[in-house]
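Notes for the one structure printed next.
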Amino acid sequence: MKSMDTLEAIFSRRSIRKYTDKIIETELVEKIIKAGMYAPSAGNAQPWHFIILTERKYLDKIPDFHPYSQMLKQANLAILVCSDPKLEKYKNRWPQDCSAATMNILLAAHSLGLGAVWVGLYPEEERINGVKKLLNLPEHIIPFSIVPLGYPDEIKSQVDRFKPERIHKNSW
């Protein structure tokens with residue numbers, strides 16, 4: 001499968017919340033996680049872990065404590081991005097690092113013809129604690145985001161988000 005060019009992927013990516021029941025090939029999942037691992041991180045610390053969720057007992061339970069994650073009930077796969085603060089070189093930079101990894105995952109999925117959406121966990125304590133308990137995460141691991149993935153069952157057109165009035169040069 002040929003992937004699209006970088007700018008095309010950035011400009012055309014949309015949040016996809018409806019998926020077909022087609023199973024995602026293992027090699028695509030590996031490429032997507034690899035893209036997450038290639039994200040920049042402070043001091044190149046790479047303070048992340050990724051959990052591939054495929055079991056219905058997990059995908060169907062998360063919406064019980066996360067009101068904006070209903071699409072997990074039809075996704076057959078999701079990637080949980082977690083932080084491991086013990087791996088940090090620069091204190092409290094992990095949210096930026098995990099954000100970069102999540103964005104790489106979204107772009108990689110889109111470039112491979114898959115639909116995905118960023119479902120935030122951090123900094124909502126109820127969501128963090130719900131995932132930690134459900135998946136029996138170690139105490140120091142912080143679940144940051146969940147990215148449901150699937151073959152899209154909806155089409156969203158590209159939107160123009162360019163706002164020249166938000167560009168400043170040298171000063172405000």
Side-chain angles (χ1 to χ4, degrees), residues 9-10 12-26 28-39 41 46-88 92-156 159 161:
I10 290 168
S12 65
R13 189 210 63 82
R14 299 294 308 277
S15 294
I16 301 297
R17 295 173 177 86
K18 295 178 182 175
Y19 316 103
T20 69
D21 58 2
K22 182 178 176 183
I23 301 298
I24 300 170
E25 296 85 350
T26 303
L28 294 184
V29 177
E30 186 175 304
K31 281 183 183 181
I32 291 166
I33 290 182
K34 185 175 182 178
M37 291 181 177
Y38 272 70
S41 61
Q46 305 168 31
W48 45 56
H49 290 271
F50 304 90
I51 299 175
I52 301 168
L53 299 172
T54 58
E55 292 187 25
R56 292 269 38 111
K57 68 180 180 180
Y58 300 123
L59 295 168
D60 291 344
K61 187 71 176 160
I62 293 168
D64 290 350
F65 55 83
H66 192 316
Y68 305 108
S69 67
Q70 296 303 315
M71 74 292 295
L72 285 167
K73 291 182 178 181
Q74 68 172 248
N76 57 40
L77 187 142
I79 297 171
L80 175 65
V81 180
C82 297
S83 165
D84 184 346
K86 291 181 178 181
L87 297 175
E88 281 190 306
N92 296 321
R93 297 294 192 263
W94 68 262
Q96 293 94 319
D97 300 341
C98 287
S99 290
T102 301
M103 194 67 233
N104 275 15
I105 287 168
L106 291 169
L107 288 170
H110 176 58
S111 77
L112 294 169
L114 297 171
V117 61
W118 184 324
V119 177
L121 297 169
Y122 180 84
E124 304 295 330
E125 289 296 326
E126 182 179 348
R127 297 172 192 175
I128 291 168
N129 292 333
V131 169
K132 285 180 109 171
K133 182 178 178 185
L134 178 66
L135 302 177
N136 197 31
L137 301 182
E139 182 60 35
H140 71 284
I141 298 296
I142 303 168
F144 177 77
S145 65
I146 301 172
V147 180
L149 295 166
Y151 285 92
D153 198 19
E154 64 179 332
I155 298 171
K156 292 187 174 180
V159 296
R161 295 182 177 162

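Keep in mind the model is a prediction, meaning the values are calculated, not measured.
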Q) Is there a side-chain contact between Lys18 and Gln74, using heavy atoms and a 4.5 Å cut-off? A) yes

Q.
Would you call the rings of Trp48 and Phe50 parallel, tilted or perpendicular, taking 30° and 60° as the class edges?
A. tilted

Q) Which one of Leu107, Ile32, Val29 satisfies the side chain to side chain contact (heavy atoms under 4.5 Å, CB included) criterion with Leu112? A) Ile32

(Q) Counting only heavy atoms not in Lys132 (residues, nucleotides, ligands), do more than 12 fall under 6.0 Å from its NZ? (A) yes

Q: Please report the shortest heavy-atom distance between Arg127 and Gly120, naming the atom on each side.
A: NH1-O, 3.6 Å

Q: Could you tell me which non-hydrogen atom of Ala116 sits nearest to which non-hydrogen atom of Val147, and how far apart they are?
A: CB-CG1, 3.7 Å

Q. So how far is it from Thr102 OG1 to Asp97 CG, rounded to the nearest 0.5 Å?
A. 10.5 Å

**Q.** Test side-chain contact (heavy atoms from CB on, under 4.5 Å) applied to Lys61 - qualifying residues, sequence neighbours left out
**A.** Asp64, Leu134

(Q) How long is the straight-line distance from OH of Tyr58 back to CG of Leu80, given to the nearest 0.5 Å? (A) 12.0 Å

(Q) If you compare all heavy atoms of Gly113 against all heavy atoms of Tyr151, which two are closest, and at what distance to 0.1 Å? (A) O-CD2, 4.2 Å

(Q) So for atom CD, which belongs to Glu124, do other residues, nucleotides or ligands contribute more than 12 heavy atoms lying within a distance under 6.0 Å? (A) yes

Q) Glu125 side chain to Asn129 main-chain N or O, any donor-acceptor pair under 3.5 Å? A) no

Q) Taking atom CD of Glu30 as the centre, does the number of heavy atoms from other residues, nucleotides or ligands within less than 6.0 Å exceed 12? A) no

Q) Are any of the side-chain heavy atoms of Ile128 and Tyr122 separated by less than 4.5 Å? A) yes

Q: Just do the side-chain contact (heavy atoms from CB on, under 4.5 Å) check on Ile16 and Glu154 with the steps written out, would you?
A: CA-CA 7 Å; Ile16 301 297; Glu154 64 179 332; 3.7 Å; yes

Q: Can you measure from CD1 (Ile105) to CG (Leu149) and round to the nearest 0.5 angstrom?
A: 8.0 Å

Q. Are Val159 and Arg14 side-chain neighbours, meaning at least one heavy-atom pair lies under 4.5 Å?
A. yes

Q) Any salt bridge between Arg56 and Asp60, counting N to O under 4.0 Å? A) yes

**Q.** Shortest non-hydrogen contact between Ile146 and Ala78, atoms and distance
**A.** CG2-CB, 3.8 Å

Q: Supply the atom-to-atom distance Ser15 OG to Lys156 NZ, rounded to the nearest 0.5 angstrom.
A: 6.0 Å

Q.
I need the minimum non-hydrogen distance between Thr20 and Pro152, along with the two atoms involved.
A. CG2-O, 3.7 Å

Q.
What's the separation between atom CG in Leu72 and atom CD1 in Ile62, rounded to the nearest 0.5 Å?
A. 5.5 Å

Q. If you take all heavy atoms of Cys82 and Ile141, which pair is closest and at what distance?
A. CB-CG2, 3.6 Å

Q | Check: Asn76 side chain, Lys22 main-chain N or O, donor-acceptor pair, under 3.5 Å | A | yes

Q) How far does CZ of Arg13 sit from CE of Met103, to the nearest 0.5 angstrom? A) 4.5 Å

Q: Kindly write out the residues that satisfy side-chain contact (heavy atoms from CB on, under 4.5 Å) with Ser83, not counting sequence neighbours, or none if the list is empty.
A: Pro85, Trp94, Cys98, Ile142

